[in-house]
Structures are given as C-alpha cells and as structure tokens.
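To keep things clear, I will list the structure first and then write my remarks on it.
The chains referred to below are lettered A, B, ... by the order of the sequence lines, with proteins before strands, and numbering in each begins at 1. Computed from heavy atoms alone, side chains included, the values below leave out hydrogens, waters and symmetry copies.
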2 protein chains.
Amino acid sequence: MPSGASRTELGDPFATIGFALKLAQQALRTRMDSALQEIGLTTPQYAVLTFLDVEPGASNAALARRAFVTPQTMQGILVALERAGFVSRTPHPEHGRVQTTELTASGRNALKAASGIVLRAEMCLREAAAPLDPQVVAAMLRRFADALR
Amino acid sequence: MPSGASRTELGDPFATIGFALKLAQQALRTRMDSALQEIGLTTPQYAVLTFLDVEPGASNAALARRAFVTPQTMQGILVALERAGFVSRTPHPEHGRVQTTELTASGRNALKAASGIVLRAEMCLREAAAPLDPQVVAAMLRRFADALR
DNA sequence: CTTGGCATATCAGTGCCCTTATATTAATAT
DNA sequence: ATATTAATATAAGGGCACTGATATGCCAAG
C-alpha cells in the first residue's frame, strides 16, 4: 500500500500543497524582484503602481484593502514609492485626514517598463500549469485564499 | 470577444496566476501563524522543527538548504528557537565551525501539538482543490518553482 | 452641541527574507 | 607547506508583513 500510512499523517513535506505553495510563491517573488530591481521596483511596489493606474487618487486605506494588507504595511510601501519619486501624495481637499496618492510621470514610465517583465513571468507560470487550464488554476488559488478564511 | 483584448495584456490582476498565488500563500501564512501562535510558534519555525525531527543534529547551513532560504535567514530563526527553548545548539565535535542543532523535549512537544493544526490547514487546501487531484496540484506548484528558475 | 463610533493615517516593535560583508575553519591544489 | 577555494557562522541593513497603540477627522445619535 504505497499510498501512505494513514489519513492523519502528512508524510513528506514536499508532497503537501501547503509547502509547495510556499515554494512557488517564494520563487515567483524572487524572480519578480530580481527582474524588477533593474527599474528600481519591488514586487509589492509594482502591484501598488498597477492599482494606482486604474484608480488614481486612491487613499492609503483603499490601496491596503485592494492588496489585502494592513494600512500599516501599505503605508511603508507608499513612503518608499514617494521617496523614489514614483508617486505623489497630497492631502484630500475635503477630507482632512485622507492622503490621496497619484502616479508621477516617472511612476507611469516605471509601470510601463515593468509590465513586460511581469507578463513574461505570468507566461512562465501558465506554461508550467499545463495541461491544466490557467484560468482553472487561478480560480483554484483564489478558492485556497477563501477556504483559509 | 470576451476572452480578452490581446495576449500581451494582463487584464484584471485577480485573473492572473501570479496574483492569485500571492493571495493564497498570504492566506495560508496568516492562518498558520494565528493558529500556531497559541503554542508559541511561527510558520517558518514549525517548518524547521519538522526538519530537525527527521534530521537531528543538522547544521544551520543544511537547514537553510532544505528550506530554500539563505543561511542568514535560518540563523535568525534558529536564534529565536533557541531563545524560546525549542532547540539546543552545540558545537560540532569534529568540525570546529559547525553548530549542530537538536530538538529539546519542549521542542518535541511543540511539534506534536502543531502537527494537528497544520494537518487541518492542509485538509482545507485539499478540499478547496476539488475537483482537482491534490497530488496533481502539488506537482504543478513544484513545477511553478522550477519554471521560475 | 456633544459624545460615541468609525475610518484614516502614522509610529513603534517583531519576524522573516533578502543582499552584502566579515571572519573562521575545512578541503584542495600547487 | 603554503596558498587558494569552499563552506560555515554571524553581523548589518533594507523591504514587507503583522500586531498594538495613538491621534485626528467625519458623521450620526442622543
């Protein structure tokens, strides 16, 4: 019976979905970071620029909700992006507390330069997913996030 | 033609494998951390205890290779585990530079208590993978890591 | 109007992961 | 035997993610 001793044991860590998930995400992050560093971006920074491209003037809190991170985390990323000149933050004209964020010209250039890099990584993943349908795989991964709460 | 404008655009980030991969791993990490904190462990610390259980006396460098992190990262985890009393580190009797690491009794207890928590999370993932075969999914995720270099 | 509740922004601390750099020891080549 | 190379351990610094705490502004209920 080579299928395993029992259902209550995890056997080889490499055989678990959890461990493989961690390795895959780690590899993606490393790959993206090393490719994006040529244009002065990290992976989370690229994601934020993407969000700002479709939703200019978003607040820190709005960006945090969209990226599923805490406002504190997003705050750090925005401070770094502002220091690098990729975004500008200005107080909201009506809501005194809110800081609105927009892409600068430099930020738009960086985003454009980054899109090719990210597209190549995504194509790598879709090829490695074969023979599974990439859309089916993406849907399953989103189910993972939901299933874990 | 609702299937997308062109093959060179990424459309909705949520539709990409890369973004979904990040969300799934983030959810897993959060779930594991919050469940494991009751027994004083983080997710990476649990992984290291697992490795030490099957390979007692491993060195920092060996553990780092096994977990696919840098020796510096593993060093930090081991220092935390030693401070918490879950492992003990002693100089190797023959190799002057090497520090061998072993589980303490407390470490073994923590590992035992953690295994149930981790098993439940893995079962969540396997159910959410349906109708895909969990083993097929795990294999695909390992291909992701390889495909990205 | 004042108070309570909610959203927002930001500071401080912790952990993990990376890169770069330094020092020591082991193994190997000359 | 000495020099080089490889492996190990460790420190320092940066980025990202979390929790907790603090301060401010908005708004609705009393």
Side-chain angles (χ1 to χ4, degrees), chain A residues 22-23 25-38 40-48 57-84 86-87 89-101 145 149, chain B residues 22-38 40-48 57-84 86-87 89-101 149:
Chain A
K22 172 197 159 195
L23 289 187
Q25 153 66 11
Q26 189 172 348
L28 174 62
R29 175 65 184 271
T30 300
R31 152 81 172 254
M32 297 259 297
D33 276 350
S34 78
L36 286 174
Q37 82 173 11
E38 297 174 15
L41 284 177
T42 66
T43 304
Q45 286 170 4
Y46 161 79
V48 171
S59 71
N60 175 19
L63 292 168
R65 281 189 296 266
R66 188 171 284 254
F68 297 97
V69 298
T70 62
Q72 296 91 322
T73 294
M74 186 56 67
Q75 159 83 358
I77 299 174
L78 288 180
V79 166
L81 282 173
E82 187 178 29
R83 197 175 47 210
F86 291 136
V87 306
R89 308 183 74 193
T90 57
H92 192 287
E94 300 177 5
H95 291 262
R97 193 86 182 124
V98 174
Q99 295 274 322
T100 68
T101 311
R149 204 109 19 245
Chain B
K22 171 197 159 193
L23 290 186
Q25 152 66 12
Q26 188 172 346
L28 175 62
R29 174 67 183 269
T30 300
R31 150 81 171 255
M32 296 259 298
D33 275 351
S34 78
L36 286 174
Q37 83 172 9
E38 298 175 15
L41 284 177
T42 66
T43 304
Q45 285 170 4
Y46 162 78
V48 171
S59 70
N60 176 16
L63 292 169
R65 282 189 295 268
R66 189 170 283 253
F68 297 97
V69 299
T70 61
Q72 296 88 329
T73 294
M74 188 55 66
Q75 161 81 359
I77 298 174
L78 288 180
V79 166
L81 281 174
E82 186 177 29
R83 197 176 45 209
F86 292 136
V87 307
R89 308 183 74 193
T90 57
H92 192 286
E94 298 178 7
H95 294 260
R97 191 90 181 122
V98 174
Q99 295 273 321
T100 68
T101 310
R149 204 97 28 234

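Nearer the 5' end of DNA chain D, as judged by each residue's closest nucleotide, is the contact made by A:Thr70, out of A:Glu94 and A:Thr70. Mapping B:Gln45 and A:Val98 onto DNA chain C by nearest heavy atom places A:Val98 at the nucleotide closer to the 5' end.
Contact between the side-chain N/O atoms of A:Arg83 and the OP1/OP2 oxygens of D:dG14 is not found at any separation under 4.0 Å. Phosphate contact (OP1/OP2 of D:dT8, side-chain N/O of B:Arg89, threshold under 4.0 Å): absent. Distances shown here put every side-chain N or O of B:Arg31 at or beyond 4.0 Å from the OP1 or OP2 atom of D:dC18. Proximity of B:Gln75 to the phosphate of D:dA9: no side-chain N or O atom is located under 4.0 Å from OP1 or OP2. Contact annotation: B:Gln26 reaches the phosphate of D:dC18 (side-chain N/O to OP1 or OP2, under 4.0 Å).
A straight line from CD of A:Gln25 to C1' of C:dC17 spans 12 Å, rounded to a whole angstrom. A straight line from CD1 of B:Ile77 to P of D:dT10 spans 14 Å, rounded to a whole angstrom. Rounded to a whole Å, the CG atom of A:Leu41 is 10 Å from the P atom of D:dC16.
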Pairwise N/O distances under 3.5 Å, protein to nucleotides 20-23 of chain C:
unit_1	atom_1	unit_2	atom_2	d
C:dT20	O4	B:Gln72	NE2	2.1
C:dA21	N6	B:Gln72	NE2	3.3

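Among the atoms of the strands shown, none is found under 4.0 Å from any heavy atom of B:Thr43.
In this structure A:Arg29 satisfies the salt bridge (charged side-chain N to carboxylate O under 4.0 Å, His left out) test together with A:Asp33, sequence neighbours excluded.
Checked options A:Leu81, A:Ile77, A:Thr73; the residue passing with A:Pro44 is A:Ile77 (criterion: side chain to side chain contact (heavy atoms under 4.5 Å, CB included)).
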